[in-house]
Each structure stands twice: as C-alpha cells, then as structure tokens.
Amino acid sequence: MARILVTSALPYINGVKHLGNLVGSQLPADVYARYMRGRGHEVMFICATDEHGTPAELAAAKAGEPVADYCARMWQVQKDLADGFRLSFDHFGRSSSARNHRLTQHMAGRLADAGLIEEVSERQVYSIDDGRFLPDRYIEGTCPNCGYPRARGDQCENCTKQLDPTDLIEPRSAISGSTNLEVRETKHLYLRQSLLRDRLREWIDSKTDWPVLTTSIAHKWLDDGEGLQDRGITRDLDWGIPVKRGNVIWPGMADKVFYVWFDAPIEYIAATAEWADANGLDDEAWERWWREDLGAEDVRYVEFMGKDNVPFHTLSFPATILGANYDGAEPWKLVDYIKSFNYLNYDGGKFSTSQGRGIFMDQALDIFPSDYWRWWLMSNVPEGSDANFTWDSFQGGVNKDLADVLGNFVSRVTKFARSRFGETIPAGGDYGPEEATVVAELARRLAAYEAAMEAIELRKAAQELRGLWVTGNEYLQSAAPWAAFKTDPDRAAAITRFAFNLIRLYAVLSRPFLPDTSEKMLAALFNPDASWPGTLAETLGTLAGGHPFTVPDVLFAKVEDARREELEARFAGA
RNA sequence: GGGCCUGUAGCUCAACGGUCAGAGCAGAGCGCUCAUAACGCUUUGGUUGGGGGUUCAAAUCCCUCCGGGCCUACCA
C-alpha cells in the first residue's frame, strides 16, 4: 500500500468559483484521490480557501462586512459547493487558520535564519482617501503610450504595453476613483529565491515525467531575462498573517502581513495540521505526511493546479521548502508530481465573473446532478490545450455516454432480469467461452484504464472507462439472453448473472468519476463488496444466484433539445 | 517584442521515427427487440495548415511561411 498526498490549488475566497476553476484543480484532484483510495492506498487529500490579499478585502468591503466575517461566510459557501460536487477532501481548511499563522511565521523565520530573506525599501503608491497602498493593477489612468483612458498600473489592456504606475497620466484609485495619491516609501521582505536558482533547476530537470506545460513554465521563469527574480513576500495590508520571525517581532515590520502567495502554499501543510486537530490527533499524525524525518519518506506528493499557478508551485514554494531546511533540521516534503491544466473556455470565450459569462458552481448544481458535470468536465478536461464548453457538447456527452451507454445498460439488465426471473439474480447455467472472451476484453481495457489513471491522463482514463461500459452492451447483444431464455433458460440465467456482475464492476470502476451513480448502482444490488477487482474472472463471480436486486430509477435523464436551447439562452451572458 | 504550446475526418480528440493515420459524436445502411426510440454490426469521410529538407521510412525530426492559444513576475 502506497501513501499518496494530494493537494488541489486553493480556490480564492472572493466568491463562488466557475467551472473553469473547478476543472483545473479540485475536480481532477478528487478523481485521482478517489481512484487511489479505491486501489486501497492511503490517501491524504487536502484543499482550503485562500483568504488573504487585496481582492478579499475589497470583496468584503463591497459586501459591507468585516473581512473576517466575510471570509468565514464564503468559506462555508465554498465548502457546501465542494460537498455538492462530492469533492472528497480529507480536510478543507482555511489559509487564515491559526495553524497557518504559526507555520507561515515559522517558515519565514527559518528562511531568515538561512540568509534567504532580504529587506528591500521600495516606493509604492498610497491612496490617501482609500487609506491603503494600492497594488499596481488597482491604479488606473491614461496610458502614456496609446492614450487609452482606463489603463492599469501594471499594463495597458488596450496596447498591451507594460507599465509602471508612475507612468500613468492622471492616475487614480481603481477602488474609489480618488486621485488623491502619493508615492510612499515602504520596506518589505524579499525571498531571495535567486540564490536557489541552480538547486531549483537541478530539481526540475530531474522531473522528466512532468507535463510539458509544467516544466516549460518553470524553465521560462528560471531563464527569462536575468533569471529567477527575488520576490516580495510581505504587503501593507490589514488582513493577513502578521509578519513575525518565528514567534518573535520582526523589527520594522509591524502592521505588515505576509503576501498571500507566500502563505497560501504553506496552507497545504497547515491544513493537514488542521485535519489532525479536527480529528483529535496529535502532531505526529500530520507530520508523517510532510516531514521526511518523521515518516513522510515514502509519501508520493501530487499537486493539481491551473497553469497560472505553476510558477508559484515549481519555484517559490519549493524555494520555501528547500530554504527552510538549510541546516538539514527540517526536511519538509517537496512535491513529486505537478499536474497542471490549461483553461476551460465557455462557448469560445473566457469564463468571466465580472461579465457574468459562463457557469458557476452553484448554478451548475441547480441545473443538473453533480455526476453529469463531473463526467463532462473530466472527459473534456483541458490537458493538452485549452478546452471549450458548449451546451451541445455537454448534451452529447451526458446523453450518449451516461444515459445511453452506462445508464441504459443498467436499465436493460435489471428490467430483463426482473421480468424473466424476478427480483433475485438467477442461479443456473455456467459461464462459457463467450464470457471468457468478454473477460479477456475487459482485462485489456481495465489495464488501459488503470494505466491512464496512474499516469493522471484523465481524458484517456474517461475514454477507457466508457470503453468498459461499451463492452457490456456488446456482450448483451451477442449473448442475447432474451433469445436464449426461450430455448435454454439456464443459459439465459448465466448470461444475466454475468451482466449483474458487470454492473457491480462498473460501479466500482466508475466511482472516481461518478460517485453518486456508483452508489446508486451498488444500492440496487444491496451493497455488495465494492473493492477494486483483483482478477476479473474472480471478481465477475462476486454476485451469485439468489442475490437480491432492485431496478433502480433511471440513472441519467437525457438532456432534451428544448432544455439545451433554454440553457444556451439563459447563459448567453450580458 | 520574447518564450512556450498548438494546427490530424463536418465536430472533439488519439497516434510520442516503423504494418492500409485511429476513436467518440454527426451522416448512411443493416440487425436486435432486453432497454431511457436505447443497443449491436457495417460503412462514407483525411495530400495530417502551406512549402522545403533529413531518413530505407515523417503526422512524428529540422528550416520557413500562415493561422489559433497561453505566459511574460505587485490580482490571485
């Protein structure tokens, strides 16, 4: 039994996430975690809300709430949606937790001890009316290059020129519109990750099996311009983790907090500690996942994220991990595999929160059960390139794959059996050469499915899973128990029994993708053994004659054309 | 500007130097009647974006041109 640590990129706290966010980290991570649990491995699956930073403060202000209250409320909203999509986190934490405060401060202290922290004095724009420093992109003004009146302080969206906030003509606060701005001197801590450049490169170069998307982004950052740049890890904000060096005051850093991108990945570790706390366990329970000197030497750590997150996970966070072990005293676990994803578009354009374009997690669950979404999203997950959601494609995937191939298989088997033999699986007859042929075919496809899941090639895995379902329909057509019933009832009984065992097999194999449906299928069989198959010949004998069953309700309702058209219109956007 | 990815059947994708370039959907025909008018079988359809090169052999490697996407470091 292996031990597998799985983390999903942390969803940001400022509102309900859309399907593009879901498909790029939480959902694939869940499918992988469920698969590994199904194989009998010990899995720790961690996620949390990412709660700090300027957008959280602004969202709270807009909602008229104290930021702590806002975050607590939004955490619950996101938790409920995660439950709705059946995301099987062992713990869904919060980056604002006491655990993360302590651990982030501890890590910063270790990095300072290692000589990897530098104090840098810089000039930042301060908005007097807003009472806060403004990140570059929260300053608007006229572009000095093209005259676009709504250029942002980091870049002009119109002419794409990179800007410095001080370049802007008539700069104003993007928050309040105030022009009462001034440049102030402020001191910040920088993580000197440039000093770790060679070690990071060596480490990344050793990961020859990582997705190209992951390594190419990492290399880009290592080699671009003058190479890996040091990064500021503190901010002048109220909401966040106070800057401390371990548990002591950091001179000159009062009233500052750590940068959200410094504390967010550390929350992976802290959330595991939160998990231990929530379950009444001691520190050893979480340390054995994260500390190579305390039991984590055999852990395989896999991270899931969208491509925008890759630089932080390939460079900054590893720099923190490596730096914190400068003296060999704290060997924290480095990631073993980074699965990164491209973006999901909505009908040819980007999902957009501000324009109300696309589908958000809460809306999705109001429209269709989570398994419908899980299936379409995973069988179209943007692995190789950006993918595109259309209602037409969604309708096709649900109707053909789920309703026709899988759902109808369960329906035809259970209804045939009930009408001919009653509500117990028929005894009589034996499996013959036809079943042996199907077992061989299933074995081939199962091996391909397992290989794809091990390699985290999820589109391919979904295809192989569908192929396994198809094999059931092929078998029924060829064995034709309805015909055999008239001449050789024992033969019909054997075919039917075999088909019931296929239903059980499909329930087990489909569980990572379709947890609710899997449960319904097993329930219709009165919850037989649901362990992953060893040998197929053996596993297809699990259900014997006399075992009771019921005909389940239709597993997947078809998406009608009228329904699709209605949804297309409703989600067309502003 | 620079870097990376990408262009294969009407659509979505696979094939990672080696048998006639494959699959799902869509289209056509046949079969079955257990089933959500579901399922199965057969079949139409491609000068692999264009051009050049390397090789016994190229969708695959190299060069070039054309198209699409992403990233480019203080939003997270």
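Just so we're on the same page: letters track the sequence lines, and every chain starts at 1.
At least one donor-acceptor pair closer than 3.5 Å links the side chain of A:Glu383 to the backbone N or O of A:Arg459.
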Quick test: give all pairs of protein nitrogen or oxygen and nucleotides 66-70 of chain B nitrogen or oxygen below 3.5 Å, distance rounded to 0.1 Å.
unit_1, atom_1, unit_2, atom_2, d
B:G69, O2', A:Asp386, OD2, 2.8
B:C70, OP1, A:Lys350, NZ, 3.4
B:C70, O2', A:Lys307, NZ, 3.4

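The distance from atom OH of A:Tyr12 to atom P of B:A76 is 6 Å, rounded to the nearest whole Å. With rounding to whole Å, A:Glu57 atom CD is found 14 Å from B:A76 atom C1'. Rounded to whole angstrom, the span from the CG atom of A:Asn473 across to the C1' atom of B:A38 amounts to 9 Å. What separates CG of A:Asn380 from C1' of B:C11 is a distance of 12 Å, to the nearest Å.
Side-chain atoms of A:Tyr475 stay outside donor-acceptor range of the base of B:C34, with no qualifying N/O pair under 3.5 Å. Residue side chain A:Glu122 reaches the base of B:C74 through a donor-acceptor N/O pair under 3.5 Å, judged by distance alone. Taking only distance into account, the side chain of A:Asn408 never meets the base of B:A38 through a donor-acceptor pair shorter than 3.5 Å. You'll find a donor-acceptor pair under 3.5 Å spanning the side chain of A:Gln124 and the base of B:C74, going by distance alone.
Here A:Lys558 reaches the OP1 or OP2 of B:A38: one of its side-chain N or O atoms lies under 4.0 Å away.
Using a 4.0 Å heavy-atom criterion, one finds that A:Asp308 contacts the bases of the nucleic acid, with or without backbone contacts as well.
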With both pairing distances under 3.5 angstrom for Watson-Crick or G-U wobble, and | for a partner in another strand, the correct string for RNA chain B is (((((((..((((....[...)))).(((((.......))))).....(((((..]....))))))))))))....

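Salt bridge status for A:Lys307 with A:Asp386: present, with a side-chain N to carboxylate O gap under 4.0 Å.
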